There are 2 protein chains.
Amino acid sequence: MNTPQAHLVDDDDAIRDALAWLLKSRGLPTATYASAEDFLASWTPDTCGCLLLDMRMEGMSGLDCFDALLARGAALPVIFLTGHGDVPLAVATLKRGAFDFFEKPFNDNELATRVGEAMVHDAHRRAVHASADSINLRIQSLSPRERQIMDGILAGKYNKVIADELNISMRTVEVHRANLFEKMQVKTAVELANLLKSPQA
Amino acid sequence: MNTPQAHLVDDDDAIRDALAWLLKSRGLPTATYASAEDFLASWTPDTCGCLLLDMRMEGMSGLDCFDALLARGAALPVIFLTGHGDVPLAVATLKRGAFDFFEKPFNDNELATRVGEAMVHDAHRRAVHASADSINLRIQSLSPRERQIMDGILAGKYNKVIADELNISMRTVEVHRANLFEKMQVKTAVELANLLKSPQA
DNA sequence: GTGCCGGATGTGGAAAACCACAATATCCAA
DNA sequence: TTGGATATTGTGGTTTTCCACATCCGGCAC
């Protein structure tokens, strides 16, 4: 897991340096990139924190960079910076999942605050994701038969009913049930149901 | 429950009539209001569908109307219409939960499409809400003791353990358990867990 | 004050879950 | 070919759930 950082992408050296200084002075770890291409080249699925993206840049635009990230399945919160007010663009970008959209000139305090919120948001997202991953991993370790029995259990059926439906003996259901409880690291059907509910789908 | 409608609020008679005609011609039931005050006066918690709100109006502004609705706990999807591009306003409004934000002149097809989507969204929201209400109603019918026993059950504890923790006999726990299953309309602990998970919190 | 409700408890039994020990069969990879 | 994972079944026994029948107590409303 990479260290959470504010990833700042702007092709204007002066602005980039000023913004980086602002963020660092607020205690926000910051990495800078002179182009969207540079950022994408260094990006990995572990990249986390948040992304500050200038909309208009030489080469790849901020929007193109956002598209590229979405295509790669990134979930990094993105804060856009733009110089020229464009309501439809701002609205469309937010609806596509951008975390925020700042028009220059912006208030330094507001931006720094939002960057901090974005990083908290991302930390929370990663925590939830890690929990979901752990559960999905356990589910994938189940054999097909065990998954069938689990479905029956989650439907609140008696072992006897499950056995009838699958045309196997009750004893076999009991064995699969014990095995899948072991794999899912639960002791009761209720714990299993709780596990499969909370975080993801 | 009121009939789902597009509630159109605009103080410009010509625009309001034109928009209402547009929406009705697309098969979207539409009600019109000449002011935010008129709409708020007719609003009830049952008002549903979606709200089309002109930002700049005589008297109460669209934003004020939005605030008033939020204060009343309304969950109606709101689509804002504005004549003067203002990125910070659009961004702030969307972040506060507006469904969409259109800048004039807008494309009729896009607007009508979004109105349709907003109404679908609201119908879905109401369906989920109704289900959650039904469950909350059942929970509220439980006695305090029954709720305690339910907590224990949802934690996957044996009746024996619950009894020890509450310093009562196992038999009493069994009785409460049966009673609360009756009230919650479930037959097994797993069904109870499933019920309390899906929709709300 | 009588009745209803919530709460608590007991006996006793049927049904289901839970578990240890034991065995067989298939498929697939080392 | 041997071993591991998956799937299947049985015996026998303990624990827990689930339920019918019955009793007792305190608060509260009519």
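Letters A, B, ... mirror the listed sequences (proteins, then strands); counts begin at 1. All figures in this text were calculated on a predicted structure; none of them were measured in a lab.
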**Study point:** Minimum heavy-atom distance A:Val115-A:Cys50, with the two atoms named
**Key:** CG1-SG, 3.8 Å
**Study point:** Minimum heavy-atom distance between B:Ala90 and A:Val87, given as atom pair plus value
**Key:** CB-CG1, 4.0 Å
Practice item. Mind listing the residues from residues 162-172 of chain B sitting with a heavy atom below 4.0 Å of DNA chain C? Number order is fine. Key: B:Ile168, B:Ser169, B:Arg171, B:Thr172
Exercise for review: Using atom CD of A:Glu146 as one end and atom C1' of D:dT6 as the other, report the distance to the nearest whole Å.
Suggested key: 8 Å
Review point. With no hydrogens and no angle check, is any side-chain donor or acceptor of B:Arg72 less than 3.5 Å from a backbone partner on B:Leu40?
Key: yes
Practice item. Whole angstrom is fine here: how far is it from CD in A:Glu174 over to P in D:dG12? Key: 15 Å
Review point. Of all the nucleotides listed (D:dT6, D:dT16, D:dT8), which has the minimum atom distance to the side chain of A:Val175?
Key: D:dT8
Check your understanding: Between A:Tyr158 (OH) and D:dT16 (P), how many Å, whole number?
Key -> 18 Å
Revision key, fill the gap. Heavy atoms of A:Leu52 and A:Leu23 approach each other most closely as CD1-CD1, 3.4 Å
Point to revise | Angle by which the axis turns from one end of the helix from C:dG1-D:dC30 to C:dA30-D:dT1 to the other, five pairs per end, to 10 degrees | key: 40°
Exercise for review: Indicate yes or no: does B:Asp122 engage B:Arg126 in a salt bridge with an N to O separation below 4.0 Å.
Suggested key: yes
Study note, to complete from the structure: Of D:dT8, D:dT6, D:dT17, the nucleotide closest to the side chain of A:His176 is D:dT8
Practice item. Round to the nearest Å and state the distance from A:Arg145 atom CZ to D:dT8 atom C1'. Key: 9 Å
Practice item. Evaluate the ring planes of B:His121 and B:Phe99, with Trp represented by its six-membered ring, and classify them as parallel (under 30°), tilted (30 to 60°) or perpendicular (over 60°). Key: tilted
Check your understanding: Relative to the 5' end of DNA chain C, which residue comes earlier, B:Ser141 or B:Val173, by the nucleotide with the nearest heavy atom?
Key -> B:Ser141
Check your understanding: What is the distance, rounded to the nearest whole Å, between atom CD of B:Glu191 and atom C1' of D:dT17?
Key -> 15 Å
Exercise for review: Indicate the atoms forming the closest heavy-atom contact of A:Leu180 with A:Met150, along with that distance.
Suggested key: CD2-N, 3.8 Å
Study note, to complete from the structure: Contact span of DNA chain C against chain A, any nucleotide atom under 4.0 Å from a heavy atom, 5' to 3', runs C:dA16 to C:dC21
Review point. Contact class for B:Asn179 (heavy atom, under 4.0 Å): base, sugar-phosphate, or nothing?
Key: nothing
Exercise for review: Could you tell me whether the side chain of B:His7 and the main chain of B:Leu53 form a donor-acceptor pair under 3.5 Å?
Suggested key: no
Check your understanding: Do you know the tightest heavy-atom contact between B:Leu28 and B:Gly116?
Key -> CD2-CA, 4.1 Å
Point to revise | Contact under 4.0 Å: B:Asn159 side-chain N or O vs D:dT17 OP1/OP2 | key: yes
**Study point:** Value in whole Å for how far the P atom of D:dA7 lies from CZ of A:Arg177
**Key:** 17 Å
Study note, to complete from the structure: Closest heavy-atom pair, B:Phe66 versus B:Ala98, reported as atoms and distance to 0.1 Å, is CZ-N, 3.7 Å
Review point. Any donor-acceptor pair under 3.5 Å linking the side chain of A:Glu174 with the backbone of A:Asn159?
Key: no
